[in-house]
Structure formats: structure tokens, C-alpha cells
Amino acid sequence: MAKFTKKKDGDLPAVSTASLPDIVFMLLFFFMTVTTMKDSSLMVANTLPNASETKKLEKKDRVIYIYVGTPTQEYQKVFGTEPKIQLNDKFANVDEVGSFILAERAKKPQELQNVLTTALKVDKDANMGLITDIKQELRKVNALKVNYTTYEGDAFNNLQ
Amino acid sequence: MPRRKGAPEVNAGSMADIAFLLLIFFLVTTTIETDAGLDRMLPPIEPPDTDVVIRQKNIFTVNINKNGQLLVEDNLMDIKDLRAAAVEFLENNADGSCSYCKGKKDPSSSDNPSKAIISLKNDRETKYSTYITVQNELVGAYNDLRNREAQRLFGRDFTDMEAEYLNPETPSSVREDLKDKVKRIQDMFPQKLSEAETTTN
């Protein structure tokens, strides 16, 4: 018994704050890893063409994305190798584009609903037929502002 | 004197502050890469009420077939020559009303830049990359002309001014100033690029 009472007599030891940095670092790493922008995982090949006369797409909250391309390897068995449209996380047909745009538009705040841009991320090997159909659908729902998303580069590289 | 405490404890209290500083630094600086691309306006689906008569000479037709070949004004053309041809058409200035144009005033080509229309048609089997290249060249033709006029009037490129104008980080006083300039250049060469429905053959 004597052994226990001998060491410290009475006054409380200060609470060690040495582990506080660890906790904060843990938070830091958590946020660093978790804050990947919600970028729906691509299910289509998406090598964009090059263009030099590009404009930046500012303000992500005003953009609706449509992906077009051939399904990636794992989906080819089910969906074939013809270019498909991907809306959010699933494949879609051309006639679903209009309702998708309307649904996305309804989700945005009122003041942004008239200034939305539709970004078409289309694989360079896709055919224009599908794109024309999409454009027609976009016109039907009055989403007239489109952006053909491209990589920055010399446009003549596309032709090779 | 005997050492009773061992090594003195390092005060780690400020570590948290350093970590917070790092956290805030990362929160502020992580900008997500922005996409870039060609901005286009689609024509409204409702046809305009009044039938506008456009004379054939004011239309510059570009046709892309499924093999990626170009038919420009009924002549086969290499894609590399498209930009120059479009520039020549846009600033042809046949009626002489455009004081800043340097065109040839060819009476069989466009009257003035505000009447000149580029019509782009493509086949359903045209490859998207070819289409983008053609779009790029046509937009490039407009940009070339606009840059030229912007250099003459304001001493800087139009594309540069427009990018600064559209950048949300630009202070609003600068934006107000740029707005008029950008508008003025845009009016000099209004972008009239029609995308007609595709043909099947």
C-alpha cells in the first residue's frame, strides 16, 4: 500500500494534449480522401477529342453532364460495343435524355434553371447520328446551351 | 542534484494549430480541375414566325460526309484550308457596308459579316472527332477575325478579354468595363453558325 501512495500526493496530472494533433490529422486525412467531387464513375470509354478554341466551363453547379461512348470492357457483354449514353450512373436510351434534363433542371435552384449548360462528354470515336439525336432531344426540352467538352490541344490530332 | 523527472516534456499543444492550418490550407487551395470545351447554342425547335429570306450567297455551306471529307460551297476541300476559306467568306463585304473588313468584295459571296451565315451539315455516320475539328475551325475563323479587331481597337486579344470577362474571379469593375468591349467585338462579327438536322445519305 505504501508503494502506491508514495509517488504522487494529491495534485492532478495535466491532461495530455499530445494526441490532439493525431485526432486533427485523422480528420484532415479523412477529408482529403473523402472530398472527391461526385463524379459519377464512368461506364463508357471517354477519350475526348482535342480542340484549340475552347472556353472554360465555369461554375460546376450550372452544368449537366451527358457521357457518350462505347461501354467499357466489363459492360460490353451486357450492353454490346455500340456507343451508349450514360446519364448519372446508368445507361440510357436517347428518349430518356429529355426527362433526365428536366429532372436535373428541377433539382437546381430556381435562379440557375435558366442558365444551365449541358456538357456533352463524347468519345471521339462515336458517330454523329447519336449526337444528333441527343441534340434533337435537348432542343425539345429547350436546353439550348451546350458545351462539347474537349481536351485542350491541336484539333488536327483528331483526324489521325 | 538528482534528475527526478527524466527528459522534460515537449509541449505539443500547438501541433493541433499547425494541423488545423494545414487542413484549412488544403480546403482553400484544392480547386477541382475545370473542364473546357466548345460552347454552342442549339437552334430553338420552334421555327421563327416570320420567314426570313436568306440569299444563297450569304450562306457558306459546309458538308461533312461519313468518311470525314468536306464539301464546302459544293467543292471538295481539305480541312486545313477551312479556316482561311471561312474567314474570307465572313469578311467578304460585297455591299461595302463593313468598314473594318478586309475582304475581296466578291459580289458572289457574302454581303457583310452580320448577314453571313455558316451552315454546317453532317452525315449520321460522321465521326465525332471530325465534327469537332470542323466546329473548332469554324469557331476559330470567328475568333481570328474578332482577335484582329480587338487588337486594333483595344490592343489585346478578344479570346483573352472574353475569358477574363467570364471568369467569376474578375472584379466587377473590370467586368463592367470588359462587357461593352466584348459586346462591341461580338457585334462586329456575330457568330451565325447554323447546325441543320443531319441528312441520312
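Chain letters run A, B, ... following the sequence lines, proteins first and then strands; every chain starts at 1. Atoms considered below: every heavy atom in the structure, side chains included; atoms not considered: hydrogens, waters and symmetry mates.
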- Region of B:Lys66 in contact with chain A, defined by heavy-atom distances below 4.5 Å: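 When you check distances to chain A, no heavy atom of B:Lys66 falls under 4.5 Å.
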
Hey, could you give me the [atom1]/[atom2] distance between [X] and [Y], rounded to the nearest 0.5 Å?
X: B:Tyr131; Y: A:Tyr148; atom1: OH; atom2: OH; value: 3.5 Å
X: A:Asp133; Y: B:Arg124; atom1: CG; atom2: CZ; value: 4.0 Å
X: B:Leu42; Y: A:Glu137; atom1: CG; atom2: CD; value: 12.0 Å
X: B:Ile132; Y: A:Tyr151; atom1: CD1; atom2: OH; value: 13.0 Å
X: B:Arg40; Y: A:Leu144; atom1: CZ; atom2: CG; value: 12.5 Å
X: B:Tyr128; Y: A:Asp123; atom1: OH; atom2: CG; value: 9.5 Å

If you compare all heavy atoms of [X] against all heavy atoms of [Y], which two are closest, and at what distance to 0.1 Å?
X: A:Asn147; Y: B:Gly37; value: OD1-CA, 3.4 Å
X: A:Lys124; Y: B:Lys127; value: O-CE, 4.0 Å
X: B:Pro43; Y: A:Arg139; value: O-NE, 2.8 Å

Part of [X] within contact of chain B (heavy atom distance under 4.5 Å):
X: A:Ala143; answer: backbone
X: A:Asn50; answer: backbone
X: A:Leu130; answer: backbone

- Message: Applying the side chain to side chain contact (heavy atoms under 4.5 Å, CB included) criterion to A:Glu53, which one of B:Leu138, B:Asn136, B:Asp39 satisfies it?
- Response: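 Between A:Glu53 and the candidates, side chain to side chain contact (heavy atoms under 4.5 Å, CB included) is satisfied uniquely by B:Asn136.
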
- Item | Stepwise side chain to side chain contact (heavy atoms under 4.5 Å, CB included) check, A:Met128 with B:Glu125 | CA-CA 6 Å; A:Met128 277 311 291; B:Glu125 281 178 62; over 6 Å; no

- Item | Any residue meeting side chain to side chain donor-acceptor pair (under 3.5 Å) with B:Gln186, in chain and number order, not counting sequence neighbours |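 Partners of B:Gln186 under the side chain to side chain donor-acceptor pair (under 3.5 Å) test: B:Glu162.
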
More than 12 heavy atoms of other residues, nucleotides or ligands under 6.0 Å from [atom1] of [X]: yes or no?
X: B:Gln69; atom1: CD; value: yes
X: A:Gln73; atom1: CD; value: no
X: B:Phe20; atom1: CZ; value: no

- Task: Dump the intermediate steps for side chain to side chain contact (heavy atoms under 4.5 Å, CB included) on B:Asn122 and A:Thr132, then the final yes or no.
- Result: CA-CA 9 Å; B:Asn122 57 275; A:Thr132 313; 4.0 Å; yes

- Query: What residues, two or more places apart in sequence or in another chain, satisfy ring pair (Phe, Tyr, Trp, His ring centres under 6.0 Å) together with B:Tyr142?
  - Reply: none

- Item | Pick from B:Ile79, B:Leu166, B:Thr159, B:Thr130 with the largest number of heavy-atom pairs that fall under 4.5 Å of chain A |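 Ranked by heavy-atom pairs under 4.5 Å with chain A, first place is B:Ile79.
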
